[in-house]
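Remember, it's 1-based here, ligands and their atoms both numbered in the order they're listed. If you're wondering where the values come from, they're calculated on a predicted model, not measured in any experiment.
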Amino acid sequence: MDTAKWFLLLACCCVFVILNINGVEASHKVYPEFQSLDSLRAVEVKQVHRTGFHFQPPSHWINDPNGPMYFGGLYHLFYQYNPKGAVWGNIVWAHSISKDLINWQALEPAIYPSKPFDINGCWSGSATLLPGNKPVILYTGLDPEKREVQNYAVPANLSDPYLLEWVKPDNNPLVVPDITMNSSQFRDPTTAWWSNGHWKMLVGGKRKHRGMAHLYRSKDFVYWVKAQHPLYSAPKTGMWECPDFYPVSLKGKVGLDTSKVGGGVKHVLKVSLDEARYDYYTVGQYFPNQDRFVPDKELVDGWAGLRYDYGNFYASKTFFDPAKTRRILWGWANESDAPANDVKKGWAGVQAIPRTVWLSPDGKQLLQWPVEELETLRGQKVQMKNQNLKGGDHVEVKGIAAAQADVEVVFSFTSLDKAEMFDLKWANLDAQAICGLKGSNVGGGIGPFGLLTLASQNLEEYTPVFFRVFRTQDNNKHKVLLCSDARSSSLQDQLSSSFQDKLYKPSFAGFVDIDLSEKKFSLRSLIDHSVVESFGAGGKTCITSRVYPILAVDDKAHLYVFNNGTEAVTIESLNAWTMNAPKLMNQ
Ligand code: DQQ
């Protein structure tokens, strides 16, 4: 084999290893070795990397958020859950309720395999509120042939605000894959919307390598007919999991009911790209008469498009919250450690903090912000004001629990002159690759500056979240990068040579479309033991990292602010809080 072929083979192997560590395969990887009776015994849950204020059950595996809704004065969250282990398998719809999206109470699983139409699995889906405030869940069942079919379930008792018991009527399944489809690539029905005398729902799929949002219509929610064409599809994007389709207001933060169409509204189509394992969205125009969605021209459609989050955030779902007239986004933050370690720790997966989501004033992207209720967990507070940071400086934020904190900081600088050049060689690289080249320790002009989260005292471990400004070749334009770089987050790999301990430590990053005239950048990071969930520029670019420090844990974790650029930056204001743990709903 000549050298070029060797390199090609090596590159393919590297991609394979990287993708596998990130859990990239058709849907979820099955680990039969961890499904043995042994692994089903009660496990001792290790606490060190467990989150303090993110949503997670007491033990075992969770993935996609399902069917979120507001009903009976309560928020309901369902989620894919393995009641028997810390790897994917035996999936049921677990169910929790809350009055405020923060303090939760777990109920018995709502939906679990029990009928021929879901005997091999109860996979993701959504909730719709029918007229008269009647919830109905649409979900994917795996039938005896493991075909993915779309089912519905209704509450046994509508006067029970807890919605404890769900019934799966005998006229299920509602929809089965037709002969044009691959029956194992047809899943995750959306919340239905009402327009032109019909209910409409999307089901994710793929034809060859084209991702599809199949469209179905129904007058009575029971008899569904497939539309001739999908609502939308895109070439070379692979399987579309967990589609989500909803209106956003052209003005302000107000959220809209999923059935809202017409003036003053744009629509968002989000798909979870199974091959990339990221959630991509486009904003565009929905034409209800033709049932077509046309993304805005200037937006990139596909793997290089906009993401809700440039980190570990997948299979998300929004819902309309009528109690506060807002749209709320839930997303799953998977582990980045090896499955064998998840089995040892007895749990895997958390839900990211629910986020309010709305259209930015320029209409070009969405903005996201943690729901306001999160602030009720803020405890001990520290503040900094007008502190100057020269290149090479780092200062510690003392006085809070740095392993479980909420930090909001605004940086300013005086000139763009020192911005480093954006190298033409990077034209085809994505933000993550550029962050990989230009980490927090590589000095720059304007930036890198930001936070060193989950840092050990002598900085053997830290997860930096930082900005970096580049000037493009035509001199007047700038590119702003936000990185959340896990490469220095843990010494675990150095201390153990076992493949079982290998961590996935990417240099997650996204560009930030920010107005530079003010020369002010804001950053909020929610730090929660093994989660660093960050919101750049008021929620324009969000990045969630999962990290596993071994020194920077609990009261040995520190938080620093740093600047490694030649341009001095000012911390205009920094507010940081210790985050208290949520309580059970009624306490
Ligand atoms: N997870 C579910 C599927 C969905 C995938 C199965 C996305 O319905 O496509 O647990 O993570």
Side-chain angles (χ1 to χ4, degrees), residues 19 22-31 35 57 60-68 77-95 109-113 117-127 137-143 146-153 173 175 177 181-191 201-206 211-214 237-244 270-280 307-309 312-317 329-335 339 342 348-352 544 546:
L19 293 185
N22 195 17
V24 179
E25 59 277 317
S27 202
H28 301 278
K29 184 142 183 152
V30 179
Y31 295 94
Q35 310 264 353
H60 301 325
W61 162 276
I62 72 171
N63 56 291
D64 319 355
N66 289 157
L77 175 66
F78 306 86
Y79 54 95
Q80 299 273 286
Y81 176 61
N82 180 355
K84 297 179 177 172
V87 291
W88 185 87
N90 315 301
I91 292 293
V92 301
W93 275 50
H95 182 191
I111 302 177
Y112 41 86
F117 49 79
D118 66 8
I119 201 65
N120 280 311
C122 294
W123 288 11
S124 286
S126 311
I137 281 172
L138 293 167
Y139 71 100
T140 299
L142 271 75
D143 75 1
K146 296 218 169 125
R147 289 186 316 163
E148 294 171 6
V149 301
Q150 315 314 322
N151 301 323
Y152 76 116
V175 172
M181 295 171 181
N182 177 337
S183 61
S184 63
Q185 308 282 349
F186 178 60
R187 56 183 178 268
D188 309 336
T190 61
T191 296
M201 69 159 161
L202 303 179
V203 182
K206 121 174 154 173
M212 314 275 284
H214 298 292
T237 48
M239 174 66 192
W240 286 4
E241 298 189 313
C242 302
D244 196 15
K270 182 280 299 187
V271 293
S272 303
L273 294 191
D274 188 20
E275 292 175 19
R277 303 307 273 186
Y278 294 113
D279 280 12
Y280 290 83
R307 298 185 207 164
Y308 278 154
D309 192 299
N312 194 336
F313 185 95
Y314 192 66
S316 65
K317 191 164 302 287
L329 167 69
W330 280 103
W332 163 47
N334 194 5
E335 300 304 306
D342 293 339
V350 305
Q351 303 297 347
T544 302
R546 296 299 314 278

for atom 3 (C) of ligand 1, nearest protein heavy atom and its distance come out as D188 OD1, 3.5 Å
May I ask you to check if ligand 1 and W88 share an N or O to N or O distance below 3.5 Å?
yes
Any salt bridge between R277 and D274, counting N to O under 4.0 Å?
yes
Can an N or O of S124 be found at a distance shorter than 3.5 Å from an N or O of ligand 1?
yes
Based purely on interatomic distance, does Y314 place a nitrogen or oxygen under 3.5 Å from a nitrogen or oxygen of ligand 1?
no
Interfacing atoms of ligand 1 (cut-off 4.0 Å, heavy-atom, H28)
1 (N), 2 (C), 5 (C), 6 (C), 7 (C), 10 (O), 11 (O)
Applying a 4.0 Å heavy-atom criterion (strictly less than), which segment of N63 is in contact with ligand 1: side chain, backbone, both, or neither?
side chain
Side chains of N334 and N312: donor-acceptor distance under 3.5 Å anywhere?
no
Starting from atom 2 (C) of ligand 1, locate the nearest protein heavy atom and write down its residue, its atom name and how far away it is, to 0.1 Å.
D64 OD2, 3.2 Å
Closest protein heavy atom (residue, atom, distance) for atom 6 (C) of ligand 1:
Q80 OE1, 3.2 Å
Relative to the ring of W61, is the ring of W332 parallel (under 30°), tilted (30 to 60°) or perpendicular (over 60°)?
perpendicular
Return the CD to OH distance between Q80 and Y139, rounded to the nearest 0.5 Å.
11.5 Å
Hey, which of T140, N182, V175 is the one that makes side chain to side chain contact (heavy atoms under 4.5 Å, CB included) with E148?
T140
My understanding is that only one of I111, V92, I137 makes a side chain to side chain contact (heavy atoms under 4.5 Å, CB included) with F78; could you say which?
I137
Does one side chain, of S124 or N66, offer a donor that lies under 3.5 Å from an acceptor on the other?
yes
Between E241 and ligand 1, does any nitrogen or oxygen pair lie at a separation below 3.5 Å?
yes
